[in-house]
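Here's the structure, in structure tokens; my notes come after.
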Amino acid sequence: MRKMTMRRAFTVSFLRSNPLLLSHSSGNSAVVALDNHYYFNSSSSSSCCVFTSTFHVYAISHFSTNPNPTHARLKQLLLEKSKSGFDKLDDALAVFDKMLHRKPLLPVISFNQLLAALVKMKEHSVAVSLFKDMCVKGIPVDLFTFNTAINCFCHLNRVDYAFSLLAGTIKRGFHPDVVTYTTLIRGLISQDNPAEAQLLFTNLIRFKLIQPNVVTYTTIINGLCKRGHISTAVMLFRYMEKKGCKPNTVTYSTLIDCLCKLRLVDQALGLLHEMTKKGITPNVITYSSLIQGLCDFNRWQDVNQLLSEMNTRNISPDVYTFNILVDAYGKEGMINDVEDVIEFMNQRGQHPDVVTYNALMDGYCLRGAVDKALAVLETTMKKRGIVPNIRTYNILINGYCKKLKVDRAVDLFQQLPREGLSPTIHTYTTILQGYFLTGRHVEARKFFKEKMMLNKALTLDNFTCSILLHGLCQNRFVVEALSFFDTMLSAGLIPNICIYSTLIDGLSKNGHLEKARSLFDNLPLKGLRPDVKTYTMMIQAYCHDGLLNDANELFLKMEANGCLPNDVTYNTLIRGFFHNKKYNEAGVLMDEMCARGFSADASTASALLDLLKSQEQNPALLALRKKFLT
DNA sequence: TTAGGGTTAG
């Protein structure tokens with residue numbers, strides 16, 4: 001409650017007293033099922049084949065400008081649209097059509113600007129079609145045109161075509177430049193091919209093809225960050241400086257964001273300090289990343305401090321910044337603050353978007369107010385013309401499943417095609433979990449086999465598999481679970497520690513302790529380290545079967561292996577001692593648990609009270625009650 | 001006129 005007061009003070013009064021802050025407006029494996037067995041279908045579908053399509057028909061234009069603009073007007077229009085994009089795709093196509101029939105032909109720069117406008121609109125596929133059309137019709141092109149087309153192919157995840165076009169560029173007598181190669185490096189990284197990206201970068205330097213610039217380095221640093229190689233990213237960051245290439249705001253922001261996402265927010269703040277000391281100005285992106293990093297730790301005063309700093313520097317928070325705040329408050333259950341921020345955004349012309357409303361709806365759902373969340377979709381969003389996306393529906397579906405209203409969730413799921421939305425793996429997994437949560441395992445298994453396994457567009461991941469394995473084990477379908485586990489392995493899915501923990505738990509609870517123990521013992525062979533949950537589950541399994549020595553030994557071993565027991569681990573072993581009448585050992589462990597700042601949970605307390613009921617005079621139990629239940 | 005950074009889900 002105290003936190004709530006502090007937070008509300010922050011949101012309302014802080015933002016209102018800083019008007020400057022708001023000064024501007026505005027796997028491809030599919031699976032098939034037969035009987036109770038699960039089979040992966042290894043065929044994968046490649047979806048994108050943009051370059052082979054020819055652009056034939058231009059949609060009827062709704063373009064409302066002069067139907068016959070002068071050359072100068074057209075050039076001016078293209079210059080403007082290359083920066084902002086056209087409002088409608090049809091408008092861009094109509095302009096292209098006009099340009100094709102212009103005599104004399106407009107300069108190549110105008111065509112390049114049209115392609116740039118399409119890129120701004122994220123219409124990469126259309127840009128590629130127009131580029132092809134230009135080539136076919138003999139419209140002059142230059143290196144800018146090729147670079148843009150190469151970039152479009154990279155955005156369409158067709159780096160292979162991008163490289164073909166690189167060959168085409170050279171064949172046409174152009175010399176690919178640093179932009180060409182930086183684009184290709186980004187394409188390789190985004191297609192999860194960092195080795196090729198590194199090779200290209202090394203060769204470019206070795207053969208002196210280009211001198212990498214700040215964008216090249218930043219692109220690679222970002223790629224490294226996104227793949228979790230932060231230390232290599234930092235090394236490259238220092239290396240570029242050594243090579244005389246000065247990092248800029250984007251470079252620093254990239255690293256700062258990465259550090260924040262790794263929860264190293266103080267190091268990120270250190271970089272903010274470093275950049276400002278060097279005279280490199282942070283911008284709204286830099287601050288938004290840091291604000292998010294601080295929100296993750298509930299460091300509200302520091303968030304306040306940064307917002308104040310932004311105000312001093314005349315940097316206005318944008319929709320991203322506000323969405324970060326809305327999401328953070330929503331996750332903390334501070335729904336009043338969420339509503340305040342949204343109202344504030346509206347007042348200041350920073351219009352909430354689908355991300356804002358999704359965060360609001362998620363906040364409602366976390367408090368169990370799913371109907372209120374649905375009202376946001378059906379009234380506010382509709383009224384404001386904000387189109388819901390699949391996440392909007394996933395939030396509602398999840399909300400209903402958590403409230404055990406699975407039928408309502410399925411209704412929404414069935415509504416998706418009418419809304420023009422395709423369910424994602426999140427949608428399916430939520431419903432699967434909903435069925436298991438409500439004990440409807442027959443429907444859960446049917447849903448998985450019929451809707452998920454047969455769906456070639458769906459790539460199952462470890463999270464989904466763990467939900468299925470847990471549900472199967474919980475309902476005593478151990479053989480089916482093991483069969484599915486084998487299927488996962490043969491399909492090439494590499495199980496993570498969660499999968500093994502789920503199986504170890506499921507097996508031991510279904511009387512297969514030895515199988516569970518074998519899986520546990522073989523984890524190092526799989527290159528996996530048990531985490532605190534895995535250890536705790538195995539300890540629980542031993543306790544359940546009365547193997548107190550094994551449980552205690554493992555308890556001691558986990559800490560020796562660098563894995564600290566948590567409150568669940570302590571309570572599990574303590575209850576194990578209770579059930580095996582080892583009251584003194586339980587007492588010693590309870591002392592240790594309290595010394596570490598943990599306490600007996602409800603289940604442990606209840607177990608102790610039950611024991612006291614039947615053994616009222618047991619001195620060891622009386623001592624425990626005196627010590628821990630007063 | 002072309003290349004790089006930030007927000008929401010199971």
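As the structure is a computational prediction, the values presented were derived from the model and not from experiment. Lettering of chains follows the sequences in order, A, B, ..., and the numbering in each one begins at 1.
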*Please list residues of residues 257-270 of chain A whose heavy atoms come under 4.0 Å from any atom in DNA chain B, ordered by number; otherwise none.*
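A:D257, A:K261 - these, ordered by number, are the residues of the stretch whose heavy atoms sit under 4.0 Å from the strand.
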With a 4.0 Å cut-off on heavy atoms, is [X] in touch with a base, just the backbone sugar-phosphate, or nothing at all?
X	value
A:V326	nothing
A:S110	nothing
A:I425	base
A:T182	base
A:V284	base
A:R186	sugar-phosphate
A:S288	base
A:T251	base
A:D327	sugar-phosphate
A:S253	base
A:T183	sugar-phosphate
A:T392	nothing
A:T286	base
A:I324	sugar-phosphate

*Segment of DNA chain B, first to last nucleotide, that comes within the 4.0 Å heavy-atom reach of chain A*: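 For DNA chain B, the relevant span reads B:dT1 to B:dG10.
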*Salt-bridge test for A:E343 and A:R348: reply yes if a basic N is under 4.0 Å from a carboxylate O, no otherwise.*
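Salt bridge absent between A:E343 and A:R348.
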*In plain terms, say whether A:E274 and A:K278 are close enough for a salt bridge, that is, a side-chain N and a carboxylate O under 4.0 Å apart.*
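Here A:E274 pairs with A:K278 in a salt bridge, since their nearest N and O are under 4.0 Å apart.
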*Test A:T356 against every option in A:D327, A:N323, A:N346 by the side-chain hydrogen bond (donor to acceptor under 3.5 Å, both in side chains) rule and name the one that passes.*
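The side-chain hydrogen bond (donor to acceptor under 3.5 Å, both in side chains) with A:T356 is passed solely by A:N323 among A:D327, A:N323, A:N346.
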*Test the A:R445-A:F448 pair against the cation-pi criterion, namely NZ or CZ under 6.0 angstrom from the six-membered ring centroid and within 45° of the ring axis.*
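Judged by the rule (NZ or CZ under 6.0 Å from the ring centre, within 45° of its axis), A:R445 is not positioned above A:F448.
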*Within 45° of the axis and under 6.0 Å from the centre of the six-membered ring of A:Y435, does NZ or CZ of A:R440 qualify?*
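Pair A:R440/A:Y435 does not count as cation-pi.
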*May I ask you to decide if A:G293's main-chain N or O and A:R263's side chain share a donor-acceptor pair within less than 3.5 Å?*
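Not confirmed, A:R263 side chain does not pair with A:G293 backbone.
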*Is there a donor-acceptor pair under 3.5 Å between the side chain of A:K81 and the backbone N or O of A:Q113?*
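Checked: no pair found.
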*For residues A:N398 and A:T430, is any side-chain donor paired with an opposing acceptor at under 3.5 Å?*
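No donor-acceptor contact under 3.5 Å links the two side chains.
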_Ring centroid separation A:F201 to A:Y181 under 6.0 Å_ =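 Not close enough - the centres of the two rings lie 6.0 Å or further apart.
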